[in-house]
Peer 1: 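Take a look at this one; I'll ask things after.
We count ligands from 1, going down the list as the structure has it; atoms in each ligand are counted the same way. These numbers come from the heavy atoms of this one structure, side chains and all, not from hydrogens, waters or symmetry mates. Numbers here simply count residues along the sequence, with the first being 1.
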Amino acid sequence: MIFTVAIDGPAAAGKGTISRAVADRFGFAHLDTGLLYRAVGMLGGDPATAARNLTAEDLQRLDLRSLAAGAAASRVAVIPEVRAALFDFQRRFARREGGAVLDGRDIGTVICPDAEVKLYVTASAEVRARRRWLELGGEAAAQPFAEVLAEVEARDARDMGRADAPLKPAADAVQLDTSLMSIDEAVAAAFAHITAHLPG
Ligand code: CDP
Ligand code: CDP
């Protein structure tokens, strides 16, 4: 069975949390496509060359979870040659046998416009920044909340404003605003959409 679930949306909307739950529940392979851009951003040197030569080992070795990695990712993600170099791997992953869930910014619009299910997961910038800040330790975090919020807003603006594959909902995406949802509620909503589209 070829079955792709495309999950797009801004930073800390809950894409990864939902994608991991979907992969578990339906037995699909999961690709967090943000990791590819984070790795290219952290490798340094010429970004297009880094994207063409990216290895699985790079993804293991680098610290890709930091705010700095997210910011570096969104800077290299505006470069068309970087996006082109990462296209085939993502496209093949999406259409692999057995089903796949990919989360990112352009899965439903560019990588897999033919995805069987497209979700656009979002939440207010304040809610998303608070989630990221709590992940960093909340009051114990090195960054104050205002700094995390500014970083999230700057990244949203860069991702939505770029010319190549900007972040936007696909015309046929189902929108899921998780601002007031628990993780369980958001996951249940995603499961319901997928179940409704599964063959047989
Ligand atoms: O992948 P993405 O950046 O969109 O978000 P995530 O890493 O799945 O979620 C960011 C944080 O928000 C995590 O700490 C989640 O546990 C939390 N979260 C939440 O509090 N409520 C939700 N409905 C979804 C995620
Ligand atoms: O987890 P979070 O939503 O904070 O970020 P991410 O998914 O790891 O993505 C980091 C950055 O990579 C994004 O801000 C985008 O600039 C870029 N990205 C992209 O352009 N296209 C994708 N499919 C995934 C990520």
Side-chain angles (χ1 to χ4, degrees), residues 4 6-23 30-42 47 51 54 59 62-87 89-91 93-94 101-113 115 118-138 141 148-149 151-168 170 176-191:
T4 310
I7 303 191
D8 292 304
K15 304 179 300 296
T17 304
I18 292 172
S19 299
R20 286 188 293 274
V22 165
H30 172 218
L31 180 63
D32 172 357
T33 64
L35 289 180
L36 307 175
Y37 292 91
R38 284 170 181 259
V40 171
M42 295 306 270
L54 193 64
L59 301 179
L62 300 162
D63 171 21
L64 302 178
R65 302 278 163 201
S66 65
L67 282 186
S74 80
R75 289 196 195 95
V76 298
V78 305
I79 304 170
E81 290 77 13
V82 167
R83 308 201 69 86
L86 300 175
F87 180 88
F89 174 72
Q90 296 176 82
R91 173 75 199 169
F93 194 100
V101 51
L102 290 81
D103 69 293
R105 299 292 184 288
D106 64 340
I107 309 305
T109 51
V110 173
I111 302 295
C112 202
K118 297 182 188 179
L119 297 179
Y120 189 84
V121 184
T122 181
S124 73
E126 285 72 19
V127 165
R128 291 184 289 113
R130 188 154 299 279
R131 291 175 182 169
R132 269 292 130 83
W133 181 67
L134 289 174
E135 283 180 337
L136 293 168
V148 178
L149 176 60
E151 205 281 329
V152 161
E153 287 179 330
R155 196 137 66 87
D156 286 357
R158 212 180 290 132
D159 290 348
M160 291 174 182
R162 69 186 176 218
D164 190 10
L167 171 63
K168 63 172 181 202
L176 195 61
D177 186 332
T178 68
S179 300
L180 302 175
M181 283 187 180
S182 68
I183 291 175
D184 287 354
E185 287 169 332
V187 165
F191 283 6

Peer 1: Going by distance only, is there an N or O of R162 that falls short of 3.5 Å from an N or O of ligand 2?
Peer 2: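 Between R162 and ligand 2 (N or O atoms, distance only) the closest approach is under 3.5 Å.
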
Peer 1: Polar contacts were defined as any N/O atom of the residue lying under 3.5 Å from an N/O atom of the ligand; does this apply to D103 and ligand 2?
Peer 2: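 For ligand 2, there is no N or O atom that lies under 3.5 Å from one belonging to D103.
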
Peer 1: With atoms numbered from 1 as shown, which atoms in ligand 2 lie under 4.0 angstrom from a non-hydrogen atom of S74?
Peer 2: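 The list of qualifying atoms is 14 (O), 16 (O).
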
Peer 1: Counting both backbone and side chain atoms, is some N or O of D106 under 3.5 Å from an N or O of ligand 2?
Peer 2: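 Yes: some nitrogen or oxygen of D106 is under 3.5 Å from one in ligand 2.
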
Peer 1: Please verify whether a non-hydrogen atom of A12 lies at under 4.0 Å from ligand 2.
Peer 2: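 The answer is yes, since A12 has a heavy atom less than 4.0 Å from ligand 2.
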
Peer 1: Starting from atom 17 (C) of ligand 2, what is the nearest protein heavy atom, named by residue and atom, and what distance separates them?
Peer 2: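 Looking only at protein heavy atoms, the one closest to atom 17 (C) of ligand 2 is A77 CB, 3.8 Å.
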
Peer 1: Who's the nearest protein heavy-atom neighbour of atom 10 (C) of ligand 2, and how far?
Peer 2: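 That would be R155 NH1, 3.4 Å.
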
Peer 1: If we count only N and O atoms by modelled type, under 3.5 Å, do the side chains of S179 and D177 hold a donor and an acceptor together?
Peer 2: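 There is such a pair between these side chains.
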
Peer 1: Identify the residue among T178, D103, T122 that makes a side-chain contact (heavy atoms from CB on, under 4.5 Å) with K15.
Peer 2: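 Among T178, D103, T122, the one that satisfies the side-chain contact (heavy atoms from CB on, under 4.5 Å) with K15 is D103.
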
Peer 1: Measure A123 to ligand 1 on non-hydrogen atoms and call it side chain, backbone, both or neither using the 4.0 Å cut-off.
Peer 2: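 The answer is neither.
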
Peer 1: Suppose we measure from atom 5 (O) of ligand 1 to each protein heavy atom; which comes out shortest, and what is that distance?
Peer 2: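 The closest one turns out to be G14 N, 3.1 Å.
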
Peer 1: Decide salt bridge (Lys or Arg N to Asp or Glu O under 4.0 Å) for R155 and E151; before the verdict, give the C-alpha distance in whole Å, the side-chain angles of both, and the deciding distance to 0.1 Å.
Peer 2: CA-CA 6 Å; R155 196 137 66 87; E151 205 281 329; 3.8 Å; yes

Peer 1: Which of the atoms in ligand 1, numbered in the order shown and given with their element, are less than 4.0 Å from a heavy-atom of G16?
Peer 2: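 Here the atoms of ligand 1 in question are 1 (O), 2 (P), 8 (O).
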
Peer 1: Need the ligand 2 atom indices (1-based, order shown) with element for anything under 4.0 Å from a heavy-atom of K15.
Peer 2: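 Under 4.0 Å from K15, ligand 2 has these atoms: 3 (O).
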
Peer 1: Please state which option from V152, I183, D184, V187 has its nearest heavy atom closest to atom 21 (N) of ligand 1.
Peer 2: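 That would be I183.
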
Peer 1: Among all protein non-hydrogen atoms, which one is nearest to atom 24 (C) of ligand 2, and what is the separation to 0.1 Å?
Peer 2: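 The protein heavy atom lying closest is T33 OG1, 3.4 Å.
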
Peer 1: Do T17 and R131 meet the criterion of a side-chain donor-acceptor pair at a distance under 3.5 Å?
Peer 2: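 No, no side-chain donor-acceptor contact under 3.5 Å.
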
Peer 1: Which protein heavy atom lies closest to atom 19 (C) of ligand 1, and at what distance to 0.1 Å?
Peer 2: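 So the nearest neighbour among protein heavy atoms is R131 NE, 3.4 Å.
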
Peer 1: Under 3.5 Å, side chain of R83 to main-chain N/O of A77, donor-acceptor pair present?
Peer 2: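 Yes.
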
Peer 1: So which protein heavy atom does atom 16 (O) of ligand 2 come closest to, and at what separation?
Peer 2: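 Its nearest protein heavy-atom neighbour is D159 OD1, 2.5 Å.
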
Peer 1: If you define the side chain from C-beta out and look only at heavy atoms, does anything of I107 sit under 4.5 Å from Q90?
Peer 2: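 Result yes, sub-4.5 Å side-chain heavy-atom pair found.
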
Peer 1: With heavy-atom distances below 4.5 Å as the criterion, would you say the side chains of I111 and T33 are in contact?
Peer 2: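 I111 does not reach T33 side chain to side chain.
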
Peer 1: Considering only non-hydrogen protein atoms, determine which one is nearest to atom 9 (O) of ligand 1 and report residue, atom name and distance to 0.1 Å.
Peer 2: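 Closest protein heavy atom to atom 9 (O) of ligand 1: T17 OG1, 3.6 Å.
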
Peer 1: Report yes or no: does G9 have a heavy atom closer than 4.0 Å to ligand 1?
Peer 2: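 Heavy atoms of G9 never come under 4.0 Å of ligand 1.
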
Peer 1: Say whether R75 and ligand 2 are in contact under the criterion: heavy-atom distance to a ligand atom below 4.0 Å.
Peer 2: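 R75 does not count as a contact of ligand 2 under the 4.0 Å cut-off.
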
Peer 1: Check whether any side-chain heavy atom of R65 sits under 4.5 Å from a side-chain heavy atom of L35, and report yes or no.
Peer 2: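 In contact.
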
Peer 1: Using a 4.0 Å cutoff against the non-hydrogen atoms of M181, which atoms of ligand 1 qualify?
Peer 2: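 Under 4.0 Å from M181, ligand 1 has these atoms: 23 (N).
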
Peer 1: What do you reckon, does R132 put a non-hydrogen atom under 4.0 Å from ligand 1?
Peer 2: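 Yes, that is the case, since the closest heavy atom of the residue is under 4.0 Å from the ligand.
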
Peer 1: Could you tell me the residue and atom name of the protein heavy atom closest to atom 11 (C) of ligand 2, and the distance to it rounded to 0.1 Å?
Peer 2: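 Looking only at protein heavy atoms, the one closest to atom 11 (C) of ligand 2 is A73 CB, 3.5 Å.
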
Peer 1: Could you check atom 8 (O) of ligand 2 against the protein and tell me its nearest heavy-atom contact, residue, atom and distance included?
Peer 2: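 Residue, atom and distance for the closest contact: R38 NE, 2.6 Å.
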
Peer 1: Need the ligand 1 atom indices (1-based, order shown) with element for anything under 4.0 Å from a heavy-atom of S182.
Peer 2: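 Once the distances to S182 are compared, the set is 23 (N).
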
Peer 1: Answer yes or no: does an N/O atom from R105 fall short of 3.5 Å to an N/O atom of ligand 2?
Peer 2: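 So ligand 2 has an N or O lying under 3.5 Å from an N or O of R105.
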
Peer 1: Please list the nearest protein heavy atom to atom 14 (O) of ligand 1 with its residue and the distance rounded to 0.1 Å.
Peer 2: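 Looking at atom 14 (O) of ligand 1, the protein heavy atom closest to it is E135 OE2, 2.7 Å.
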
